[in-house]
Structure formats: C-alpha cells, structure tokens
Amino acid sequence: MNKTNLSPIILVDGSSYLFRAYHVPYLQALSTSDGQPTGAITGVLNMIKSLQKEYPQGNVVVVFDAKGKTFRNDMYPEYKANRPPMPEDLRSQIAPLHEIIEAMGLPLLVIEGVEADDVIGTLANQADQQGIDTIISTGDKDMAQLVTPHVSLINTMTNTAMDVDGVVEKFGVRADQIIDYLALMGDKVDNIPGVDKCGPKTAVKWLTEYKTLNGVIENADKIKGKIGENLRNAIERLPLSYDLATIKLDVELDQSVDQILPTAPNTEKLEKLYSQFELKRLLAELKAGDKAGTQQIVDDSEEDEPLPEKLDAEYDIILTDEAFDAWLEKIKSADVFAFDTETTSIDYMAAKLVGVSFSVEVGKAAYLPLAHDYEGAPIQVDFEQALAKLKPILESKEIKKVGQNLKYDANVLSHYDIKLQGIAYDTMLESYCLNSVATRHNMDALANKYLGYQTVKFEEVAGKGAKQLTFNQIDIDKAGHYAAEDADITLRLHQVIYPKLAKSTLQLSVFDDIEMPLMPVLTSMEQAGVLIDPDLLHEQSDVIGSRLAELEVEAHNIAGKAFNLSSPKQLQQILFEDLQIPVIKKTPKGAPSTAEEVLQELALDYPLPKLILEHRGLSKLKSTYTDKLPLMISSKTGRVHTSYHQAVAATGRLSSTDPNLQNIPIRSSEGRKIRQAFIAPADHKIVAIDYSQIELRIMAHLSQDEGLVNAFSQGRDIHQATAAEIFDVSLEEVTTNQRRSAKAINFGLIYGMSAFGLSKQLGIGRKQAQDYMDLYFKRYPGVLTYMEDTRQKASEQGYVETLYGRRLYLPDIKSKNQARKKAAERAAINAPMQGTAADIIKKAMISVHAWLLEKNDQRITMTMQVHDELIFEIHQDILDETVEKLVTIMNDAVSLSVPLIAEAGVGENWDQAH
DNA sequence: CGGGAGACGTA
DNA sequence: GTACGTCTCCCGC
C-alpha cells in the first residue's frame, strides 16, 4: 500500500481501548487453554482491524500509556490516587499485545513520564500544523479538546465520530473550551478537583455566558446560590484542575509525525504469537490473507446476519445538465414519482439541502448531488439552476409525488423558497393508517416488513452516534446508492401498502381526508414556531436554582449525610434503610418505590419526603423547561420550532418533540410561570381554544346513552350531573366531594378503569368503588353496553375503530397473560374515545388551515396543538371576529349527537389565555 | 456511551 | 386505569 505524507493519520489510544475491552463480558471469557486471558488483546486487535478496514489509506499509529508516574503526579500527588492497581489478568495482556502490534508492522509508541493522551495530542498537533488530516481513535472524551478542522475523533467501539461541529453538538461548548469545561467539572475518577456540584449543564451554562474559565472566575461573584458559593470556594484550585485536564502538545519524540510510518508485517512472528495466544480467527485470517499481503484488512464483520435480498435496480448519479434534463422529462411524464431529499441534519430548521433523489418506476432511481463538498468531490450541477428547474415541478399540484415523511422534505424545501405541493401519498402515513402498531413507520422498518428487504442504513454510509458524517461529506457514489435506494424503496412501498389500505374504504378515508391533508397544516405550524421570552425563563431558572440549593441543604441535614436528591436509588437507601421509614409500595422491579404518591403519604409523618417532592418537581421544571427552552430558540427566526410527529401515537394523536410543546406545565403555580413565557408578538394576543370535555362527549355519542346525551345537550356541568345521578341528589345538592368522585369516575371510564383503579384514585375501599361503578352503570346503562360491546368487538376483530374508521390493532387482546389481556382491554376502551378526539381536532385543524389560506391574512397564525386545544397568535385589530370565527370552525368541524363546544381564552401569554 | 429504570410533565 | 416525551441516574456494553 502506497502511503504518501498526506494519508490521514489514525492515532489509536491503545490504553483507553485496552481498559474498555477488558470490561466487555464476552471478551472476558476468552483465554488460552492454559488460562492466560486474551480478551483485552482480542478486543484491541479487532478494533485496530476495523479501523484499518474503515480507513484503508490511513496511517495507523498505536499509543499506550507507559508504566509509572507521569508529570501530572508531580503537579498533583493525588492525581489518579483513587485508581485501584491494574488487575493482574489485564497487566499480563499488555506485553503480548505490544508484541503483536509491532509484528503487524504498526508504529507503537509508549513514552515514559507522559500519558498516551499527551503523545496523541503532540502528534495530532504536528499533523494539524502540516495540514494532515488526523483521526484520533479513542474512548476518552477528554480528547475532544484536540479537535480542529483537521483533527477529529472516532470511538471505534461505538462507531461514533466527532468533528468540530460534533463537539459543540455533543458538549455544548467548542473544542477550545473543553479544557475549561473539564476543569470546572473536575473528575472524580482521576481525582481532579472541580467545582462542587458543577456538572456538564452548569459548566456549559457558565462557559456560554463567560466564554472561558478565566471569564467564569472573573465573574464568580455574579453567580448566585449554593453553586456560586461552591465556585468561589474552588477558585484557588481551578488553575490546577485546568493544567491537569490539559493534554500536552509538546512531548519530545524521536520522530515527527510524518516520519512515523508502518513497516512490513512480520508474518512469521505474527503466526507464532497468534498460535501462542490461541487467537484462532486471527491466525486463520493471516493464513488466508497471505496473497493480499501487508496491511490488507480481513473482513471480520462479526455477525453473520442474513444477506439482504438483492434488489433488482439501476441507480443513476446525475452529474451533468443533460442527464438532469433527461430525468426531469421522465418525472414530468410519470403518473407519480417518488421523491426524497438528502440534507445535513435531521433537524429541519438546521438542515441544508445536499441532494435529491427520484424514482419513476420500480428499480430505476437517480440521485442528484447538489452540495457534496468533501475534498475531491466531483463537480456537480449548479445548485441554484437545479433548484430553479425543480421548483415548478415540486410546486406543481398536478405532478404527483410520493415520499416517506414528506413533511420533513417540505420543511427543508421551504427554506429554499420552494413550496412542496402535489403531495399525493406519504408511505409513512399509509403505513400508519393501515396499522399504527404493527411496526414503526420509518423506511427501514417498512422495507423490512412490507418488502422483506434490509435497506442500506444511514449509519452504514455515514457512521453513527453523536456526530456522524453529514451527507455533504459522504462520497457521492456511496451517497448516491443510498439516496437513490430511498426513492426506489419509497415507490415500492407505496405500491405494496396503498392497495392494502384501499381495501378498507374507511381506513382510506382516514388517510385521504385526515392524515394527508393534515401534513401541510403541520408543516406550516412547525415553520411558524412559537415565541418565547428567554429572559423570563432565565429568571425563573435562577429562582428555582436557589430554592433547589436550599432544599438540598435541608435534606442533607435531615438525612445526616450528603446524597443525591435526584437519585431514586440513593433516596431508597436513605429513606428505607437509614431512616427506617416503612415501605408502602414497590416498583415493578421490586425495589421500594419513592414515587410521588408514596412520598405524599410519607410526607404526613416524616419531614424528608416533602422536601424531596418539592425538589423533584422543581428540578424537573428547571432542567426540562426553564433551562432548556431558551436554548431551543432558532437563531434564524427567534422562535421555537417543535416537530409534530404524525405517525407515532397508536391512537391517532400527534406527538411533539424537540421541544415537546404538549407537556408544558399548567398545574402548579411555578409551572404556570413557564406558560407565561409563551408570549404574543407585538400587537398580537395569544388565543387558546380548547374543546370542552371532548372525550366524554364522544363517549356520549358512541354509546348513545340517553342520560349522558341529554346531560350534554342541556349544557350541564357533566361531573355535577354525574354526581347527582350516582348519589341520587338534585344538581344543587351535589357537594364538592361528590363532584370530585364523579369526575374521577368519568375519567376512569375513559381509561377503561377497574374498581381497583378507582378505589386507589379516590382513596376508598375496593367495595365502595365497585358500588360507585355499579351505580354509574345503572344510571347510564348505554355506557355499560358500549363498553361491553367494545371489549367483545376488540376480541373478535383484533382491533377497535374510531368514529371515522381509524383502526387500532390490539395484539394482546387474546393474550394468555391476564395482565396483558386486561391492559389491552383498557386500551380498547380508551382508543375509540382518545382516537376520535384526535380525528376531530385534526379535522378542525384542516378546516382552520383552509380558512387561513383562503383569508391569507398574516395577522393570524396557528402555532400549536395540544391534543384538545389549538393555540393562535392573532393581531389585536381583528381579535374578536377572528376568535369568534375560529370557535365556529372548531365547533362545526364535525357533527355529533351532542354539541361540540370549543372555548376560547385570550391573553398576552399562554397562561393568561387559559 | 447507549439504554433501561424511575420519575414526572401534559391531555 | 389511557396516550405520549424528556429528565437524571446508573448499569452494562
């Protein structure tokens, strides 16, 4: 193999892998017949081989720690003082491993007085200055400080790569801030002192604000609370921590990085060593690999997974205008064509377009690369021109497209001024409407289920983990095959799934009339985003932070020792062993539970549980909302853009992630402060319109129970009306307590409740709960009949349906396991109500969106959906009439045998609007 | 480091 | 008792 100075250098952190391999159980089992352990040897060698395979041009250099003390011990005698001595069965593997690596012809560096990190740092730094690309293979995250545009990390055991952007993504700080970051946190294992209670979150927060460790130290007085105090106490020792965390870049070496080259392997010696340590596979490979010579890598992909069925396919990579034009003609004349975009990110706000792929007939697909920019990438067609040619096709309502999760593609394209239209079919939604629970609805799963085909995984072309290669960095041939296959598979999936869906008119109508039309509505809501006041949240974070610190001190005092309040495990120890508080409930795995209800009860008799409850609630609010939401504001728009997932929830609901806007707190006053940060833009109001008691109304409609339908038709307070019936009193006589019980019963019914569940909820006896339920069913016999019918139907058909024909399959309904069967029965009761509610609000969203399009008034924006509620920003000039119109649209979205009531709230923020 | 457990936020 | 997503901790890879 011909190596030039410009081959990438692969620096292997042998010591880090040695330790990791040593702890892998299946490797631990390995030893020679006379008992010499060889697991760590095998692990490290496998890892080196896989690196050689991945980087055939790479110049592999292996570095190990030397024995004995290093300069860090001189700096700080306690350095790594907590480390137990190296176990003998690991130590005994080092010398043979070194011998083998040398016999392989790989340069091996073991430098006394420094650690492997420092040698790697020095070599990487030299290579960086010479412009040589360097890949550091390590399991040690501290090395992130070495990352530059030329130097990246790869963890070969987990197959994850990390470059400059990857460091930021992974840690939240830049590579040049990593030392500061490590110094602040310290390291318990290495005995490096940092700031007490300063973990990754705090370190990132401080460094974001003050840039460097010195910046943090200079501003230490500004940091409030216990943690600020801890910081000030740590200031004197932080320079030492900084020095300890700093990897040396100037270790004296005999050779410079460009002089360190592999030599020819000593096959004879290798054969001897492999035999001696009974490394049979390596020995076999060595013998088999003779013809290939030197560093030829043997394919040692371990798992013999079944070979995927080979698709009969022809994939083009379009690099010329002529080829592109020819494909455009094919697309225009196709009935429907499959379409997919390739981008730099799965985050639609951050994603940049890298290429597009199409398929017009099964087995024929093409990839049009547009922005691959790795070194040596071929010249591609002009980006702007290509988009100009694609735009009329992608925007045409007549030219039909099929895709997999086209909402994503539509979002990305919208940033290039292309409004994707003519979206006829989405295979993800086809699969979801056909059977929401049979499979996940990503392409890999669908191809597997419906085509029996294993797709090329993204990880296989890009690597995996924290930071894989982005698509623009991937070799065009590899990328082209992957991308074209996606288009091809999409078309194939459509041809298989759609006919199945079309067998049921009702299911098809859920697809045609609900899910497909909803997609552009969601695109537009995601693009719109929501406005958040970060200052308000920061303030709230500080307030909560101080309170948490107080709670922690109090709790430690009561417990008599320090412990982590967020650790259920440590809490169990403190409560149930140290303090000998009785165990009330166990977790599913048998450990004593510290769940909220348990602590609530214990709080009556003991002081600590109350503190824990407050701490838990507040730290949840802080970490999930007040700290996190401000970070999610897009720099492009100044707003927060969630993702709505249309094919996740089994019942037909949407779900929301990144951030989840559907679980913003409302119940506690601290929680509501978070809603106050969801604000209206200037001159606008937040309007929240929610459906009142929608699931109970649906229960009335589905069951046609006379009493229930009447109660709703007469506009009664439903819980009060239920209470009057059950407790046999007049409406006026219903007590608060009776109403509360009735409400619990009403909710319980929606969840398929049992007497047991109800008794727990209400804190009453099982018998009394059963009495309540019997009474309820006596008063509302239609509901009982409906419940029984639903259970029976579920059992007969294996699925239940919503009012509009959305199916939920219940595979466990026939389970012999009674617990699973019961759970499936409850789901069967719940799904038609929850699912019909989802159908209704989706229909309402489609109507609202259609009205907004028609009206084309930028002063009205639909920003969020929270299951039974839609949230809008509306300009104050048109507030009243718009709210009235929106309420009407929502009320009239569907027609039931009971009134559907939407109620609007208006305010400066989401809290006020409630 | 990835993922399960346990906890908790919402409808 | 239904349906979700995200946090921290901690085990096992």
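Note on naming: letters A, B, ... go to the chains in the order of the sequence lines (proteins, then strands), and numbering restarts at 1 for each one. Computed from heavy atoms alone, side chains included, the values below leave out hydrogens, waters and symmetry copies.
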When rounded to whole Å, the CZ to C1' distance for the pair Arg766(A) and dG1(C) reads 13 Å

Separation of Gln573(A) atom CD from dC10(C) atom P, in whole Å?
12 Å

Using only side-chain N and O atoms of Arg653(A), determine if any of them is under 4.0 Å from OP1 or OP2 of dT2(C).
no

Need one value for Gly617(A): base, sugar-phosphate or nothing, where a base atom within 4.0 Å counts as base even if backbone is also close, heavy atoms only.
sugar-phosphate

Atom CD1 of Ile154(A) to atom C1' of dC1(B): distance rounded to whole Å?
14 Å

DNA chain C contacts made by residues 823-834 of chain A, counting heavy atoms under 4.0 Å:
Arg826(A), Ala827(A), Asn830(A), Gln834(A)

Between Leu808(A) (CG) and dT2(C) (C1'), how many Å, whole number?
11 Å

Using the six-membered ring wherever Trp is involved, compare the ring planes of His556(A) and Phe563(A) and label them parallel, tilted or perpendicular (cut-offs 30° and 60°).
tilted

Does Ile664(A) reach a base, just sugar-phosphate, or nothing at all? Heavy atoms under 4.0 Å.
sugar-phosphate

Quick one: side chain to side chain contact (heavy atoms under 4.5 Å, CB included) partners of Ala827(A), sequence neighbours excluded?
Leu810(A)

Nearest whole Å is fine: how far is dT2(C) P from Met787(A) CE?
14 Å

Whole angstroms only, please: what is the CG-P distance between Leu621(A) and dA7(B)?
18 Å

Which residues pass the side chain to side chain contact (heavy atoms under 4.5 Å, CB included) test with Thr439(A), not counting sequence neighbours?
Ser431(A), His441(A), Ala445(A), Leu446(A), Lys449(A)

Using a strict cut-off of less than 4.0 Å between a Lys/Arg side-chain nitrogen and an Asp/Glu carboxylate oxygen, indicate whether Arg806(A) and Asp839(A) qualify as a salt bridge.
yes

Nearest-Å distance, CD1 (Ile841(A)) to P (dA11(B))?
12 Å

Touch class at under 4.0 angstrom, heavy-atom based, for Glu596(A) against every strand present:
sugar-phosphate

Tyr776(A) ring center within less than 6.0 Å of Tyr772(A) ring center
no

When you measure from the side-chain N and O atoms of Lys760(A) to the phosphate of dG1(C), is any distance below 4.0 Å, counting only OP1 and OP2?
yes

Contact pattern, 5' to 3', of nucleotides 4-9 of chain C - B, S or - by protein heavy atom under 4.0 Å
SBBSSS

Residues two or more places apart in sequence or in another chain: which of them pass ring-ring contact (aromatic ring centres under 6.0 Å, His included) with Tyr799(A)?
Tyr809(A)

Give a yes or no answer on whether the side chain of Thr38(A) reaches the backbone of Ile41(A) with a donor-acceptor pair at less than 3.5 Å.
no

In chain order, what residues pass the side chain to side chain contact (heavy atoms under 4.5 Å, CB included) check against Ala603(A), with sequence neighbours excluded?
Pro609(A), Lys610(A)

Among dG6(B), dA11(B), dA7(B), which nucleotide has an atom closest to any side-chain atom of Lys589(A)?
dG6(B)

Length of the CD1-P vector between Ile694(A) and dA3(C), whole Å:
18 Å

Indicate yes or no for a side-chain donor-acceptor contact from Asn830(A) to the backbone of Ile750(A) under 3.5 Å, with no hydrogens or angles considered.
yes

